Amino acid sequence: MKINKLVMATNNKNKLREVREIFSPLGIEVISQKDAGADTNPEENGSTFSENAYIKAKTLYDVVKLPVIADDSGLCVDFLEGRPSIHSARYAPEGQECEKILEEMKDAPDSQRTAKFVCVIAFIDENGNSEFISGECSGKIGYEKKGLNGFGYDPIFMCGEKSFAEISSDDKNKISHRAKALKGLYELLKERYCD
Ligand code: ITT
């Protein structure tokens, strides 16, 4: 059984765009849950990225019974004891998340501004078997928002000299937490689900 089509359990258009950008050159089509006739939005009440990814994937799988993926991701800041982590999406009112982190980090010296993005992809095949693949990307929290690309915390996440919002999506998609997790998933699909 070859898998070249996946339905994605997300209501985040930016995630869907990035996953499509990464998978389409590899010959995997990613369909939105809406285009698959599903409209899921389960409560993400797990205590880990994996649990929340599974909740989203399983809720969609139960509706479509097709191969699905879900992405649970977030920013973990060392100075903030790992926050906002699994609470990244609702850490502050929409559009205010970067400002909130910058305010909380105002007394953090350069050496204590380390952070990472984490992404866990839950995959469920058409028989209901699940797999989890994770990816991380390390960087630092900047001192101000920089750049207009990307979404969420990208303007304050510094990867070297530039923020994730200052680099092109092509470049982000080579190094991001999401890209690393998806590469792992691609290897798994090739190994287990080839003709
Ligand atoms: P779905 O659950 O519908 O997929 P969501 O945005 O609610 O969408 P999460 O619960 O996984 O998704 O929260 C992820 C949040 O982490 C996201 O809303 C951003 O604030 C942040 N985040 C994750 N990946 C990011 C990235 O590549 N760049 C910037 N911020 C990111």
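Just so it is clear, the structure is predicted and the values come from calculations on it, not from any experiment. Start at 1 and go down the list; that is how both ligands and their atoms are numbered.
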Margin query: One pair to check against side chain to side chain contact (heavy atoms under 4.5 Å, CB included): E166 and N149. What are the steps and the verdict?
Written below: CA-CA 6 Å; E166 289 182 299; N149 301 331; over 6 Å; no

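Selection from G74, P84, A89 by nearest heavy atom to atom 18 (O) of ligand 1 gives A89. For atom 31 (C) of ligand 1, the choice among F117, F164, F157 with the nearest heavy atom turns out to be F117. Among Q33, M8, K56, the residue whose heavy atom lies nearest to atom 2 (O) of ligand 1 is K56.
Counting only heavy atoms of the protein, atom 8 (O) of ligand 1 lies nearest to N12 CB, 3.4 Å. When hydrogens are left out, the protein atom nearest atom 14 (C) of ligand 1 is S73 O, 3.1 Å; that is the closest non-hydrogen contact. Atom 30 (N) of ligand 1 has as its closest protein heavy atom Y153 N, 3.2 Å. Atom 4 (O) of ligand 1 has its closest protein heavy atom at T10 OG1, 2.6 Å. Among protein heavy atoms, atom 10 (O) of ligand 1 sits closest to E44 OE1, 3.1 Å. For atom 16 (O) of ligand 1, the closest non-hydrogen atom on the protein side is S88 CB, 3.3 Å. Nearest protein heavy-atom neighbour of atom 11 (O) of ligand 1: K15 NZ, 2.8 Å. Looking only at protein heavy atoms, the nearest one to atom 27 (O) of ligand 1 is K172 NZ, 2.7 Å.
Under the 6.0 Å distance and 45° angle rule, K2 does not count as a cation-pi partner of Y193. For the pair R178 and F117, the NZ or CZ position fails the cation-pi test of under 6.0 Å to the six-membered ring centre and within 45 degrees of the ring normal.
Heavy-atom contacts of H177 reach the following atoms of ligand 1: 24 (N), 25 (C), 26 (C), 27 (O) (cutoff under 4.0 Å). Taking every non-hydrogen atom of D72 and a distance limit under 4.0 Å, the qualifying atoms of ligand 1 come out as 9 (P), 10 (O), 11 (O).
I31 contributes atom CD1, which lies 8.5 Å from atom CG of L6 (distance to the nearest 0.5 angstrom).
Residue contacts with ligand 1 include D71, since one of its heavy atoms falls under 4.0 Å from the ligand. Under the 4.0 angstrom criterion for non-hydrogen atoms, F151 is in contact with ligand 1.
Considering H177, K15, K56 in turn, K15 is the only one that fulfils the side-chain hydrogen bond (donor to acceptor under 3.5 Å, both in side chains) rule with D71.
Side-chain contact check for E51 and N45: no donor-acceptor pair (N or O, by modelled atom type) lies under 3.5 Å.
Using bins of under 30°, 30° to 60° and over 60° for the plane-to-plane angle, the ring pair F132/Y54 lands in the tilted bin.
Contacts between E97 and ligand 1, counted as non-hydrogen atom pairs separated by less than 4.0 Å, are absent for every part of the residue.
The shortest heavy-atom contact between C159 and S138 is SG-O, 4.1 Å.
Classification of K140 and D110 as a salt-bridged pair holds, one side-chain N sitting under 4.0 Å from a carboxylate O. Contact check on D39 versus K34 returns no salt bridge, with no Lys/Arg side-chain nitrogen under 4.0 Å from an Asp/Glu carboxylate oxygen.
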